[in-house]
There are 2 protein chains.
Amino acid sequence: MGATKTEHFTDKQNAVAALAKALGHPARVAIVEYLLSVDSCICGDIVNELPLAQPTVSQHLKELKSAGIIKGEIEGNAICYCVDETAIEKLQDYFASVAAILHKKKSNCC
Amino acid sequence: MGATKTEHFTDKQNAVAALAKALGHPARVAIVEYLLSVDSCICGDIVNELPLAQPTVSQHLKELKSAGIIKGEIEGNAICYCVDETAIEKLQDYFASVAAILHKKKSNCC
DNA sequence: ATTATTTATCGTAATATTGCAATATAAAAA
DNA sequence: TTTTTATATTGCAATATTACGATAAATAAT
């Protein structure tokens with residue numbers, strides 16, 4: 001086969017996986033970090049920052065956007081992309097809760 | 001093409017992406033959550049918990065292990081898998097720092 | 001109106017991932 | 001020793017991802 005069996009997992013599991021997957025590529029991590037580093041959102045120069053061709057960057061941006069990690073607004077003939085706080089908070093909360101459960105566990109046998 | 005250009009990104013970006021990628025599949029999220037939910041680490045029944053065949057589960061476990069998200073120890077003819085706190089903390093810290101930067105930013109134009 | 005700039009999309013090749021049946025391996029139980 | 005039990009590995013088909021050249025679309029500048 002080759003297709004993920006999404007329907008067998010809970011909505012929350014799928015949601016976490018989708019967010020994680022979007023950040024599962026160094027280029028997309030780099031894009032997020034670049035967006036954080038610029039104060040103004042003249043974000044077209046992401047292409048110049050990354051060692052990838054423009055269509056590739058555009059594709060990565062599309063994935064980040066469809067996963068909800070970034071949001072974009074048209075501004076003239078350019079586009080302003082920003083990191084979406086909500087998605088980051090979801091991830092932060094999720095891993096915080098996982099860490100909390102781990103800390104509570106006495107018997108970490110390994 | 002088709003191969004990720006890892007060498008063009010920083011070690012940290014690659015590290016975050018590798019951890020995120022490992023959790024970028026609902027089955028692997030489900031495995032982590034199952035490991036958190038059991039107190040004893042008789043973890044062989046992960047296969048019974050998941051709607052996937054044994055070789056598929058074994059492969060997902062391998063990926064989680066090689067990414068450092070879980071660790072395993074042989075116990076007789078079974079294996080005890082546990083979530084590795086270090087990896088979760090790395091993710092938690094990373095997203096916390098991203099969230100902190102976002103909060104500090106005044107001009108979130110989008 | 002024409003040209004430049006910016007971003008997206010299409011098409012396609014290379015590679016990776018997902019999933020499983022079949023089989024191997026290795027320790028436990030009989 | 002033989003058989004079970006638990007896990008890993010192999011091989012393969014289906015699908016997804018990554019990357020980019022070529023091209024489209026849409027606004028800005030001339």
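A note on names: the letters A, B, ... follow the listed sequences, proteins ahead of strands, and every chain is numbered from 1.
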Looking at C:dC20, I'd like to know if its phosphate oxygens (OP1 or OP2) sit under 4.0 Å from a side-chain N or O belonging to B:Thr56.
yes

Within-4.5 Å side-chain heavy-atom neighbours: A:Val16 and B:Leu23:
no

Which pair of heavy atoms, one from B:Leu91 and one from B:Ala20, lies closest together, and at what distance?
CD2-N, 4.5 Å

So, is A:His60 close to the D:dA19 phosphate, meaning a side-chain N or O under 4.0 Å from OP1 or OP2?
yes

Would you mind reading off the distance between A:Arg28 atom CZ and D:dT17 atom P, rounded to a whole angstrom?
9 Å

Generate the contact string for nucleotides 22-30 of chain D. Rules: B means base contact, S means sugar-phosphate contact only, - means no protein heavy atom under 4.0 Å.
B----BS--

Taking the nucleotide of DNA chain D with the nearest heavy atom to each, does A:Ala53 or B:Lys62 sit closer to the 5' end?
B:Lys62

Heavy-atom side-chain contact between A:Phe95 and B:Glu89 under 4.5 Å
no

Anything under 30° is parallel, anything over 60° is perpendicular, the rest tilted; go ahead and classify B:Phe9 against A:His25.
perpendicular

Check the surroundings of atom CG in B:Asn48: do more than 12 heavy atoms from other residues, nucleotides or ligands lie under 6.0 Å from it?
yes

Closest contact, heavy atoms only, B:Ala18 versus B:Ala67
O-CB, 4.3 Å

As an exercise, state the distance from CG of B:Leu35 to CG of B:Asp84, rounded to the nearest 0.5 Å.
11.5 Å

Using a 4.0 Å heavy-atom cut-off, does B:Gln59 contact any base of the nucleic acid, only the sugar-phosphate backbone, or nothing at all?
base

Which nucleotide wins on minimum distance to the side chain of A:Thr4, given the candidates C:dT18, D:dT15, C:dT7?
C:dT18

With rounding to the nearest 0.5 angstrom, report the CD1 to CD distance, A:Ile101 to B:Glu33.
8.0 Å

Any B:Tyr81 side-chain N or O less than 4.0 Å from OP1/OP2 of D:dA8:
yes

Closest approach of B:Gln92 to A:Ala99 (non-hydrogen atoms, all atoms of both residues)
OE1-CB, 3.3 Å

Judged by each residue's nearest nucleotide on DNA chain C, which is more toward the 5′ side, A:Lys65 or B:Leu52?
A:Lys65

Under 4.0 Å between a side-chain N/O of B:Ser58 and OP1 or OP2 of D:dA8, yes or no?
yes

Does the side chain of B:Lys90 reach to within under 4.5 Å of the side chain of B:Leu19, using non-hydrogen atoms?
yes

A:Phe9 CZ - C:dG19 C1' separation (whole Å):
11 Å

Which ones in residues 18-27 of chain B lie close to DNA chain C, meaning a heavy atom under 4.0 Å from one of its atoms?
B:Lys21, B:His25

About how many Å separate CD of A:Glu63 and CD1 of A:Ile31, when rounded to the nearest 0.5 Å?
9.5 Å

Bend across the helix from C:dA1-D:dT30 to C:dA30-D:dT1, to 10°, with axes taken over 5 pairs at each end?
20°

Starting at CD1 of B:Ile79 and ending at P of C:dT25, how long is that distance when rounded to a whole Å?
16 Å

